[in-house]
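None of the values given here were measured: they were computed from a predicted structure.
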Protein chains: 2
Amino acid sequence: MPSTPRRSTKQRSIVLEIVARAKTHPTAEEVFTIARKKLPEISLATVYRNLHLLAEEGKIREVQFEGSTLRYDGMTMEHEHFCCRSCGVVEDLPVSLPAATVASIQSQLGAIIERYSLDYYGVCQRCKESAA
Amino acid sequence: MPSTPRRSTKQRSIVLEIVARAKTHPTAEEVFTIARKKLPEISLATVYRNLHLLAEEGKIREVQFEGSTLRYDGMTMEHEHFCCRSCGVVEDLPVSLPAATVASIQSQLGAIIERYSLDYYGVCQRCKESAA
DNA sequence: TTATTATTAGTAATTATTCCTATTAACTAA
DNA sequence: TTAGTTAATAGGAATAATTACTAATAATAA
Ligand SMILES: [Mn+2]
Ligand SMILES: [Mn+2]
Ligand SMILES: [Zn+2]
Ligand SMILES: [Zn+2]
């Protein structure tokens, strides 16, 4: 199957750059707002389209946390997240489940596990301390 | 803080019963369709309202898997999920992360971890075998 | 009973996302 | 270069999921 030729556009590279640089796991709307500063005529549909394309290509990742709309993550290596229910901050955790844990579940189920998503929820250090 | 008095209604108990019995992690719309069979005049807004209330009271749980709308889970004890990307089935996993793993991340972050969500994605046994 | 008001049905409104289409511009090959 | 091809875009309409609104209803308390 011949893959669709892909053209390189200002719009696409700006969207990628924004997500790659961001440390906040921005929503499509947030990416759009930032993108407008560099390219005032860019449209929201273009942002959505490119976010999907870039995710499909593995250049960014889609992440979904509870009670929030879909967000985008420029860190493409496997990692986990912590979300603060008080201030909403999302922190990256460079850990990952032991391969043995995943393998054990896989054989229990007789399934193929391709990936997983692990998100912790609670109160971050800052919020914990300011509440004390 | 005086908690709002809560009345017991047919609508609410039917919604609870449906989610508690279901093994499919149904969406609000699916709960609505089933509820109509028992109570044809029940409205969609009532289903949504009661799903939120019941989740708040801890009698059911909201679960969100990638690429899907919010779903509801009658299994209230802590557990994990496996989602098949081929047939869409969601299986319950009665396992949970070792307390030591959670405690370690908690102390690394200086945060309070209240709960976590762990979802595995891949191809279930049935789909794996039928593809062979 | 009767009064109070939480809850409901039905519908309008909102939010997030996707779809549509005429136009633009990235690439290709002369 | 230039001209042809068509992927990609801007802008707006359409859709899907959820929430908000409101007059009527019914669960509870007095
Ligand atoms: Mn991340
Ligand atoms: Mn479950
Ligand atoms: Zn916080
Ligand atoms: Zn399957």
Between [X] ([atom1]) and [N] ([atom2]), how many Å, whole number?
X	N	atom1	atom2	answer
A:Arg12	C:dA25	CZ	C1'	13 Å
A:Phe32	D:dT9	CZ	P	13 Å
B:Tyr72	D:dA17	OH	P	13 Å
A:Leu39	C:dT24	CG	P	16 Å
A:Ile42	D:dG12	CD1	P	16 Å
B:Leu53	C:dT7	CG	P	7 Å

ask   = Could you run down nucleotides 14-20 of chain C 5' to 3' and tag each one B, S or - for protein heavy-atom contact under 4.0 Å?
value = --SBBB-
So, taking the atom named [atom1] in [X] and the one named [atom2] in [Y], what distance separates them when rounded to the nearest 0.5 Å?
X	Y	atom1	atom2	result
A:Leu54	A:Arg61	CG	CZ	14.0 Å
B:Ser86	B:Lys128	OG	NZ	13.0 Å
B:Gln108	B:Ile113	CD	CD1	9.0 Å
B:Tyr121	A:Arg115	OH	CZ	6.5 Å

request  = Name the closest nucleotide to the A:Arg36 side chain, picking from D:dG11, C:dT8, C:dA9.
outcome  =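 Nearest nucleotide to the side chain: D:dG11.
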Under 3.5 Å donor-acceptor pairs involving side-chain atoms of residues 74-84 of chain B, not counting sequence neighbours:
from, atom 1, to, atom 2, distance (Å)
B:His79, ND1, B:Met77, O, 2.8
B:His79, NE2, B:Asp73, OD2, 3.0
B:His79, NE2, B:His81, NE2, 3.1
B:His79, NE2, B:Asp92, OD1, 2.9
B:Glu80, OE2, B:Leu97, N, 3.2
B:Glu80, OE2, B:Tyr116, OH, 3.1
B:His81, NE2, B:His25, NE2, 3.2
B:His81, NE2, B:Asp73, OD2, 3.1
B:His81, NE2, B:Asp92, OD1, 3.1

Using a strict cut-off of less than 4.0 Å between a Lys/Arg side-chain nitrogen and an Asp/Glu carboxylate oxygen, indicate whether [X] and [Y] qualify as a salt bridge.
X	Y	value
B:Glu30	B:Arg71	yes
B:Arg85	B:Glu66	no
A:Arg36	A:Glu41	no

Write out a two-atom table: protein N or O, nucleotide N or O from nucleotides 26-28 of chain D, distance below 3.5 Å.
from, atom 1, to, atom 2, distance (Å)
D:dA27, N3, B:Arg7, NH1, 3.2
D:dT28, OP1, B:Ser8, N, 3.0

task = Looking only at non-hydrogen atoms, find the nearest pair between B:Glu29 and B:Leu44 and report the distance.
result = OE1-CD2, 4.0 Å
query = Under 4.0 Å between a side-chain N/O of B:Asn50 and OP1 or OP2 of C:dT8, yes or no?
reply =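 Answer yes for this pair, as a side-chain N or O of B:Asn50 is under 4.0 Å from OP1 or OP2.
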Sequence-distant partners of B:Arg21, side-chain hydrogen bond (donor to acceptor under 3.5 Å, both in side chains), two or more places apart =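 For B:Arg21 there are no side-chain hydrogen bond (donor to acceptor under 3.5 Å, both in side chains) partners, ignoring immediate neighbours.
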Pairs of donor and acceptor atoms involving the side chains of residues 45-53 of chain A, under 3.5 Å and at least two apart or interchain, shall be tabulated with distances.
from, atom 1, to, atom 2, distance (Å)
A:Thr46, OG1, A:Ser43, OG, 3.1
A:Thr46, OG1, A:Arg49, NH2, 3.1
A:Asn50, OD1, A:Arg12, NH1, 2.7
A:Asn50, ND2, A:Thr46, O, 3.1
A:His52, ND1, A:Glu62, OE2, 3.1

task = Return the angle between end axes of the helix from C:dT1-D:dA30 to C:dA30-D:dT1, with five pairs used per end and rounding to 10°.
result =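 So the angle between the two local helix axes works out to 40°.
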